[in-house]
Q: 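Take a look at this one; I'll ask things after.
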Amino acid sequence: MIQRQHQGTASREAGDAGVRPGPSSRLVPLPEAITVGHLAELVHASPIDLMKQLMRAGVMAAINQSIDFKTAAAIIPAFGYRAVEATSPSKATKEKDTEEEDLSQLQVRPPVVTILGHVDHGKTTLLDAIRKTKVAERETGGITQHIGAYQTEYKGHKITFLDTPGHEAFTAMRARGANATDIAVLVVAADDGIMPQTVEAINHARAAKVPIVVAVNKIDKPEADPDRVKRQLAGQGLLIEEWGGDVIAVPVSAKAQTGIDDLLENLLVVAEVADLKANPNRPARGVVVEAKLDKSRGPVASALVKTGTLNVGDYLVVGNVSGRVKALVSDAGRRMRSAPPSTPVEILGLNGLPLAGDVLQAVSSEREAKAIAEERLRKQEGTRRSVSLEEVVGRIRTGESKELSVVIKADVQGSLEAIRDTLVRLGTEKAQVRIVHAASGAITETDIFLAVASQAVILGFNTSMEPGARRLAESEGVEIRFYNIIYTMVEEIQGMLEGLVKPVARDVVEGHAAVRAVITRGRQSKVAGCMVSDGRILRNASVRVLRSGRVLYDGPVQSLRRFQEDVREVAAGMECGIVLAKFDEFQEGDILEVHRQEQPSGR
Ligand code: GDP
């Protein structure tokens, strides 16, 4: 009675009955068989219309008769829907990190370690030192290769290191939902002490709730002062063990390769305390560390298996790419048949290039892999991991959350301290401010990633934003509020802690111009002779004068001219003269950021 006329996978065949699914067609999970009546309900159509559509496809079925998945999938595009298998794919699409593990199956797994610290403090040298002493020993004859992560062994226990040091990569991965790291090694050069990026690294590791082991590096240097490092650490709230705290600090010299064993031993201790376990007897889940297109091998993804075991032949979905594992290659360049938890592997056989931070998941069939990958692709647009201020404050209002997480960037250290001190004292019964990170300077991409990963709001005080950061903030939906008066900031934050958000005008940057010359006009005012570098300059807008990333002034444009003529707008690539209402101390090299306020109603 039921004629099957459609071949191929659900996703492909969905367009078959002469109706192509529109880009806006919605996905609907369908079981192996479904009655016409039930299907009509699911796609919000009348059973009669559905039966007509079936007839057009050559299938006669009554309202209480069942049709199979393929047939159903073929006709529902006419109603604006596309089918996915109900049982596995849509369930599998959910992030399974929180999925219940079979406790009886859990086994100890190696820790995954990331190295953080200030530039030039020896992160790369330390990674190399660890790799040299151990990996070569173990894999005699194997050619160690760079696959984004490697595994070493100490006293029969494995430890996995991620190869990209620094908190930028660490937090970018976290922002994409990949919490790959179990332990952070904070490298501090003993001759240099704690530097701004050391503090950033500490904040990023804390935001990720990852334990920190300190490697006090460069102790071979005569000017090394490990005690000063310990004191400085205490100043950051990291009290080392010998002073009664719980932070392990290991003196090392990455260059002379001393103290490395001691560091590895301590990493194992911390891993043991953290009780890191995974179930190797289940389909693999993992995270992509890096991916590249290889001329001869096609897409190659370096990944870290987090739980389960990945085998050659497994069907995979990685982000929105799918495939079947053709080969697995270890960090020692060896072919592997399978990769257990915490193992870094190169995967061959994907049909596209995934992104670093993408979640990898082994599934039972090609069809399932494809369906999930496509569903993800469709969902991608709508998914934001960041939260809007309205959502955060809404949660405080309902009592669901007792914290307002913020990342603070300010022009100078002085105002930063003042803001920090004021904000921590603002807590009400309803909620407290949690400062995820506070530093001076412009808002960077890393700040945006940190805000996404920590569901935080960014507060900018008298500071600007790097262009890349602005684009990222917009695409990730991160909320940024700029202030130039502490009082206004405090007032707003206070309101947020009470569960109130004042809808504020949104600051829209229209463009930038570089000051090329400063021209004195008459007695009073100076004209900034500018070249518009991006966007446009508007007469009816405000200008922030930026010098070395600091905001010197913010106020309205008084006049905008091209060749002595007043104009309303000047586009990128053109020159113009700008006069500001109450500022004329321009210098060559200043950047003028043109912005205007977009009222909340117009959002
Ligand atoms: P990174 O920017 O943190 O990755 O730092 P690098 O690993 O590139 O090291 C920066 C510089 O410090 C290089 O010139 C290294 O040779 C040097 N260096 C790293 N570790 C040590 C050490 O233990 N002792 C000494 N004397 N120099 C070191």
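The shown structure was predicted, so the numbers you read here are calculated from the model rather than taken from an experiment. First listed ligand is number 1; within each ligand, the first listed atom is number 1.
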Q: Hey, does Ile480 have a side-chain heavy atom less than 4.5 Å from the side chain of Ile448?
A: yes

Q: Distance to 0.1 Å, residue and atom name: give those for the protein heavy atom nearest to atom 5 (O) of ligand 1.
A: Gly122 N, 3.1 Å

Q: Which residue and non-hydrogen atom of the protein lie closest to atom 26 (N) of ligand 1, and at what distance in Å?
A: Asp220 OD2, 2.9 Å

Q: With a 6.0 Å cut-off on ring centres, are Tyr150 and Phe161 close enough?
A: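 So the answer is yes for these two rings.
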
Q: Which residue, Gln197, His437, Glu200, forms the side chain to side chain donor-acceptor pair (under 3.5 Å) with His167?
A: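 Answer after filtering Gln197, His437, Glu200: Glu200.
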
Q: For atom 2 (O) of ligand 1, which of Leu126, Ile115, Asp120, Thr125 has the closest heavy atom?
A: Asp120

Q: Which residue from Lys218, His121, Glu223 reaches closest to atom 17 (C) of ligand 1 through any of its heavy atoms?
A: Lys218

Q: Could you report the tightest heavy-atom contact between Val247 and Val214, atom names first, then the distance?
A: CG1-CG2, 3.8 Å

Q: Give the residue and atom name of whichever protein heavy atom lies nearest to atom 27 (N) of ligand 1, and the separation in Å to one decimal.
A: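 Among all protein heavy atoms, the one nearest atom 27 (N) of ligand 1 is Lys255 CD, 3.4 Å.
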
Q: Nearest to atom 4 (O) of ligand 1, what protein heavy atom do you find, and at what distance?
A: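 Going atom by atom, the protein heavy atom closest to atom 4 (O) of ligand 1 ends up being Thr124 OG1, 2.5 Å.
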
Q: Between Thr171 and His204, is there a side-chain donor-acceptor contact under 3.5 Å, judged purely by atom types and distance?
A: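 Looking only at side-chain atoms, Thr171 and His204 do form a donor-acceptor pair, the distance falling under 3.5 Å.
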
Q: Testing the 3.5 Å rule here: is there a donor-acceptor pair between the side chains of Thr307 and Arg285?
A: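 Their side chains do not contain a donor-acceptor pair, so the 3.5 Å distance test is not met.
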
Q: Kindly indicate whether atom 13 (C) of ligand 1 is approached by any protein heavy atom to under 4.0 angstrom.
A: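 No, there is no protein heavy atom closer to it than 4.0 Å.
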
